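Whatever order the structure lists ligands and atoms in, that order sets their numbers, starting from 1. Everything numeric here is computed off the predicted structure, so don't read it as measured data.
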Amino acid sequence: TEDQLVTPWTYSVASGYSLLRDPQYNKGLAFTEKERDAHYLRGLLPPATASQQLQERKLMNTIRQYQVPLQKYMALTELQERNERLFYKLLIDNVEELLPIVYTPTVGEACQKFGSIFRRPQGLYISLKEKGKVLEVLKNWPERTVQVIVVTDGERILGLGDLGCQGMGIPVGKLALYTALGGVRPSACLPVTIDVGTNNEQLLEDEFYIGLRQKRTRGKEYEDLLQEFMSAVKQNYGEKVIVQFEDFANHNAFELLSRYRTSHLVFNDDIQGTASVVLAGVVAALKLIGGSMSEHRFLFLGAGEAGTGIAELIALEISKKTKVPVEETRKKIWLVDSKGLIVSSRKDSLQHFKQPWAHEHEPVKDLLDAVKAIKPTVLIGSSGVGRTFTKEVIEAVSSFNEKPLILALSNPTSQSECTAEEAYTYSEGRAIFASGSPFDPVEYNGKVFIPGQSNNAYIFPGFGLGLVISGAIRVHDDMLLAASEALAGLVSEENFAQGLIYPPLSNIRKISAQIAANVAAKAYDLGVATRLPRPENLLKYAESCMYSPIYRNYR
Ligand code: NAD
């Protein structure tokens, strides 16, 4: 019981040498003369003092000198461990430049080499060795108030497959974005990796591998560990802690989400976050391609976590708008997987998450024939397989659409279904295009086209902030719709004029606050918010709750 399992906590005021070694409070050369006197820092620092701005300039200079992205990643990790506020100041002020470092694609490489670059642990490792002791492990974490947990079991890290325990880079990176983009306090964020082994032979043989050296455990033992973790989380942190599942293989991802969505505050970014960000893009794109959602036909290549998640949210949005049952609105959406168009004759052999999409149609073997048969107005790639939107496919979809909407979501860049240049060229400059990985602007027939990036980072930080500020205890699909609406509403006329269907990422803190306000409002409307009374102006309230990386003065 709780009484028998106590951890002996001590609290003390950091000063002198220990203050300089405490990333939460360290300011390096930015300690003022007065602070140096008051906190026993005299002589421990060189005489010069520096402003936070000067420190930021110096570090950005250093980071820009590194040619190899992984070196930049390591420099940022070191900074995070040395001076947390400065780390977040850099990230917030240089979001477009640093996002590809702390997040996809560089974080993927960092995970692959995590064992070699590992210095200090930055989160909780819960392995099969901790079975039966997970609650105690949680109590070892130094922070008492945790609001967001990002957890992975490392089985499907980005498009890189099973990286086992080294998947920890993903929760760490995602939570850095929770703080930088969404304003959740760093101390309230907890990265967790559940280590049940790995089937990655290379890692199992790597002498620097940091995880359990065994094949992945499946079945009951896996489920029991997850169950113990989920119970311990609720017991230790209460009802209002967000558990974000990240980069689980799809057989576990759908299962975990459906098992815990009624008892915990859970969110799966690969399924739900992706769906929300893509829906926002589609809603915004209507201004350019015309018509209402219900008048469009959607065809997906790829029917996994991303594809079926997006499809379901689009169906739900059409259903809400038209009052037509979701079973009917799904019929506007078609998916192609590796075996061809998903149709009713395949139903019995389909995984359960594909079954709702098995509509009446004769079998169609490949994408091009499916495009010709379905005549979609919106073509979405979520297959993880590059160069599948061929010239013929794009020409076909452009032959019956004035402005086809083409979303090539697969990451990394090499897996993108087509490049921006291909989309604009083969559609003769008519396609509205966005992709998962960024592409440079393209010039076609004298006109410059700026491709948008359909990036999950638009949604999950603000979504999480909305849950936190309202004290929500469950995630409801309507909140995802609310987040999409907020994001779509922030695309300006100027953005549209450039062919963009997302606002610029440089405004992300404002975007997150707006999304948070919309999500929180929905949580109150649905009766799942516990922070009472409801703030009168949720947008102002969200902004006021956001973490600022500016140094504080010490007494
Ligand atoms: P997943 O493994 O769950 O699903 C992949 C799907 O593609 C499966 O249905 C599979 O049958 C299908 N598929 C595989 N090869 C195919 C082929 N040759 N032809 C047709 N279908 C094929 O993976 P996921 O989580 O859905 O991710 C898929 C891709 O989407 C990844 O590349 C991922 O990086 C990307 N993604 C992008 C975003 C984003 O940009 N915002 C978000 C999430 C996922």
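A salt bridge does not link D162 to R156: none of the charged side-chain nitrogens sits closer than 4.0 Å to a carboxylate oxygen.
Sorted by first and then second residue, the ring pair (Phe, Tyr, Trp, His ring centres under 6.0 Å) pairs with a member in residues 261-309 read Y260-H264, F267-F463; sequence neighbours excluded.
When each of L91, I92, L98 is checked for a side-chain contact (heavy atoms from CB on, under 4.5 Å) with N94, only L98 meets the rule. Under the side-chain contact (heavy atoms from CB on, under 4.5 Å) test applied with V192, the options D153, V151, V233 reduce to a single match, V151.
Taking the six-membered ring where the residue is Trp, the centroids of Y178 and F460 are separated by under 6.0 Å.
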Ligand 1: which protein N/O atoms lie under 3.5 Å from its N/O atoms?
unit_1: ligand 1; atom_1: 3 (O); unit_2: N250; atom_2: ND2; d: 2.8
unit_1: ligand 1; atom_1: 3 (O); unit_2: E305; atom_2: N; d: 2.9
unit_1: ligand 1; atom_1: 7 (O); unit_2: S383; atom_2: O; d: 3.4
unit_1: ligand 1; atom_1: 9 (O); unit_2: A303; atom_2: N; d: 2.9
unit_1: ligand 1; atom_1: 9 (O); unit_2: A303; atom_2: O; d: 3.3
unit_1: ligand 1; atom_1: 9 (O); unit_2: G304; atom_2: N; d: 3.2
unit_1: ligand 1; atom_1: 21 (N); unit_2: S338; atom_2: N; d: 3.3
unit_1: ligand 1; atom_1: 25 (O); unit_2: R156; atom_2: NH1; d: 2.7
unit_1: ligand 1; atom_1: 26 (O); unit_2: E305; atom_2: N; d: 3.2
unit_1: ligand 1; atom_1: 26 (O); unit_2: A306; atom_2: N; d: 2.8
unit_1: ligand 1; atom_1: 32 (O); unit_2: N411; atom_2: N; d: 3.2
unit_1: ligand 1; atom_1: 32 (O); unit_2: N411; atom_2: O; d: 3.2
unit_1: ligand 1; atom_1: 34 (O); unit_2: N411; atom_2: N; d: 3.3
unit_1: ligand 1; atom_1: 40 (O); unit_2: L409; atom_2: O; d: 3.3
unit_1: ligand 1; atom_1: 40 (O); unit_2: S454; atom_2: O; d: 3.2
unit_1: ligand 1; atom_1: 41 (N); unit_2: S454; atom_2: O; d: 2.9
unit_1: ligand 1; atom_1: 41 (N); unit_2: N456; atom_2: OD1; d: 2.7

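Geometrically, K287 does not engage F496 in a cation-pi contact defined by less than 6.0 Å to the ring centre and at most 45° from the axis.
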